[in-house]
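Written out below as structure tokens is the structure these notes cover.
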2 protein chains.
Amino acid sequence: MARAGLNTERLTLAGAELADEVGFDQVTVSALARRFDVKAASLYSHVRSSRDLRTRIALLALEELADRGSAALAGRAGKDALAALANVYRDYARECPGRYAAAQLRLDPESAAASAGGRHAEMTRAILRGYHLTEPDQTHAVRLLGSFFHGYVSLEMGGGFSHSAPDTEETWVRMLDALDALLRNWPAP
Amino acid sequence: MARAGLNTERLTLAGAELADEVGFDQVTVSALARRFDVKAASLYSHVRSSRDLRTRIALLALEELADRGSAALAGRAGKDALAALANVYRDYARECPGRYAAAQLRLDPESAAASAGGRHAEMTRAILRGYHLTEPDQTHAVRLLGSFFHGYVSLEMGGGFSHSAPDTEETWVRMLDALDALLRNWPAP
DNA sequence: TCTGTTTGCCTAAAGCTATTAGGCAAATTA
DNA sequence: TAATTTGCCTAATAGCTTTAGGCAAACAGA
């Protein structure tokens, strides 16, 4: 019987594709096995568990997202950089909803430490260099931007803004204007 | 054999408690049946499906959250109101993490329409009355605040801020200062 | 090329969850 | 008290997860 040529990388990638097609919570060892025309038990040579598979997809997504972020930030500063990074998150969530959902998976401490999570915080900090904030305000601002990016994208993806006018595109632009203004005029304690 | 006295309300409430104890994604028909010392099949007289159960818990959480919000906003305006509502979300997530997670469940359109979701948007709008924003900026600001509240609470609950200094309490206060400042000086288009 | 080893996928099996169908006894109503 | 409704049960099917052990394909060395 010919072999399917499975390995951890391919499974992770296929799992990410599956997530984008059917949703991250529908990513299952069985479904992935079906996609390779292989029995579910066979995947356990390459992946420790269902949880392990999902964690790997999450790490992949975080990495991809960080790569896109780095590329977008190169050569930009100030509001330009802010908008660029914000758009990376938003576009990624739209293009790859399953992967984006995966990136929100709560990781165990070891995985989190090995993840691209640090790069994300670092990118946000890089943006703030254009706004001349000093510690601890810089950290507060990093957290505020992180909260906002994550929250906005989650709500938009979840359809939270879908019915109401005005459209989300206009809101998005005006929000970035507002955040830029806030960072330029960050209030003293 | 004595009856357990199940009904949809009790199951929903017990499901919410279970969610707070073991996590919303661990809320299962079987686990709930176990908690009532009853067979899983018995729950299907009161609940249409596992999905139905989860939806009911989500609706309960949205309702409780809206009730707390209304109570907190009564008699407050401006920054006072802003902080009060923000704290409602944050405290609820801390006290009832499972319910809070449930409130993030993506609802089908009918359930969403019947949910307290509208009350939440209305509360945020009420806060903005103290900041004299006109449409469409008011809507943009509603969405920004919604994104921020949701994003911050999600990240804090997920441990996103856990390792780094300064502590989240200080960040929280300074973020609310910043949002208040932003709303008072909302930038023109 | 043959041989031995590793590796990869398979079958088998047990355990858990979801869900449906049909039954009997408890609670309610007349 | 009799009739009816209702509530929980047993039984059964189906899917996902995971472990154990087997056989054949791929590979390494002589």
Side-chain angles (χ1 to χ4, degrees), chain A residues 1-60 98-99 101-102 105-108 110-111, chain B residues 1-60 98-99 101-102 105-108 110-111:
Chain A
M1 215 172 274
R3 295 187 180 183
L6 304 182
N7 61 50
T8 308
E9 315 268 325
R10 286 189 66 192
L11 287 179
T12 305
L13 201 57
E17 288 163 9
L18 185 60
D20 289 334
E21 290 167 21
V22 303
F24 183 58
D25 45 355
Q26 304 300 315
V27 172
T28 168
V29 173
S30 303
L32 196 52
R34 236 173 275 133
R35 172 170 281 231
F36 283 99
D37 209 8
V38 143
K39 299 296 174 182
S42 304
L43 301 202
Y44 285 83
S45 311
H46 309 282
V47 144
R48 204 180 286 279
S49 65
S50 185
R51 171 79 196 175
D52 180 40
L53 171 63
R54 299 160 74 79
T55 299
R56 287 176 192 279
I57 297 172
L59 293 174
L60 171 69
R99 284 162 153 98
L105 182 67
R106 189 166 180 169
L107 299 172
D108 53 295
E110 305 124 67
S111 303
Chain B
M1 214 174 274
R3 296 187 178 182
L6 305 183
N7 61 52
T8 309
E9 314 269 324
R10 286 190 67 191
L11 288 179
T12 305
L13 201 57
E17 287 164 10
L18 185 59
D20 288 334
E21 289 166 21
V22 302
F24 183 57
D25 45 355
Q26 304 300 316
V27 172
T28 168
V29 174
S30 304
L32 197 52
R34 236 173 276 131
R35 171 169 281 234
F36 282 99
D37 209 10
V38 143
K39 299 296 173 182
S42 304
L43 301 202
Y44 286 84
S45 311
H46 308 282
V47 145
R48 203 180 286 279
S49 66
S50 185
R51 170 81 197 172
D52 179 40
L53 170 64
R54 299 160 74 79
T55 298
R56 286 176 193 279
I57 296 172
L59 294 175
L60 171 69
R99 283 160 152 101
L105 182 68
R106 190 167 178 167
L107 298 172
D108 53 293
E110 304 124 68
S111 303

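Chain identifiers are assigned alphabetically (A, B, ...) following the order of the sequence lines, protein sequences preceding nucleic acid strands; residue numbering begins at 1 within each chain. Model, not experiment: these values are computed from the prediction.
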Within residues 40-56 of chain B, residues whose heavy atoms come under 4.0 Å of DNA chain D: B:A41, B:S42, B:S45, B:H46
Would you please name every residue forming a salt bridge (Lys or Arg N to Asp or Glu O under 4.0 Å) with A:R34, sequence neighbours left out? none
My understanding is that only residues two or more places apart in sequence, or in another chain, count here; which of them pass side chain to side chain contact (heavy atoms under 4.5 Å, CB included) with B:R35? B:A14, B:E17, B:L18, B:E21, B:L32
Can you sort out the partners of B:A41 under side chain to side chain contact (heavy atoms under 4.5 Å, CB included), two or more places apart, ordered by chain and number? none
Check side chain to side chain contact (heavy atoms under 4.5 Å, CB included) between A:D37 and all other residues, then give those that pass, not counting sequence neighbours. none
Extract all donor-acceptor atom pairs below 3.5 Å that involve side chains of residues 23-31 of chain B and protein atoms in other chains or at least two apart in sequence.
| unit_1 | atom_1 | unit_2 | atom_2 | d |
| --- | --- | --- | --- | --- |
| B:T28 | OG1 | B:S30 | N | 3.4 |

B:R34 vs C:dT17: side-chain N/O to OP1/OP2 distance below 4.0 Å: yes
In residues 14-26 of chain A, which ones come under 4.0 Å of DNA chain D, going by heavy atoms? none
Any residue meeting salt bridge (Lys or Arg N to Asp or Glu O under 4.0 Å) with A:R54, in chain and number order, not counting sequence neighbours: none
Short heteroatom pairs, N/O only, protein and nucleotides 5-7 of chain C, under 3.5 Å:
| unit_1 | atom_1 | unit_2 | atom_2 | d |
| --- | --- | --- | --- | --- |
| C:dT7 | O2 | A:R3 | NH2 | 3.1 |

Please determine if a side-chain N or O atom of B:S30 lies less than 4.0 Å away from the OP1 or OP2 oxygen of C:dA18. yes
Please report the distance, rounded to the nearest Å, between CZ in B:F36 and C1' in D:dG7. 14 Å
Find the distance B:L11:CG to D:dG7:P and express it as a whole number of Å. 11 Å
I need the CG-C1' distance between B:L32 and C:dC16, as an integer number of Å. 16 Å
How long is the straight-line distance from CZ of B:R56 back to OG of B:S111, given to the nearest 0.5 Å? 9.0 Å
According to salt bridge (Lys or Arg N to Asp or Glu O under 4.0 Å), who are the partners of A:R48, at least two apart in sequence or on a separate chain? none
For atom NZ of B:K39 and atom C1' of D:dT10, their distance in whole Å: 9 Å
Please name all residues satisfying salt bridge (Lys or Arg N to Asp or Glu O under 4.0 Å) with B:E9, sequence neighbours left out, ordered by chain then number. none
Euclidean distance, A:T55 OG1 relative to A:D52 CG, rounded to 0.5 Å: 6.0 Å
B:S45: partners by side chain to side chain contact (heavy atoms under 4.5 Å, CB included), with sequence neighbours left out: none
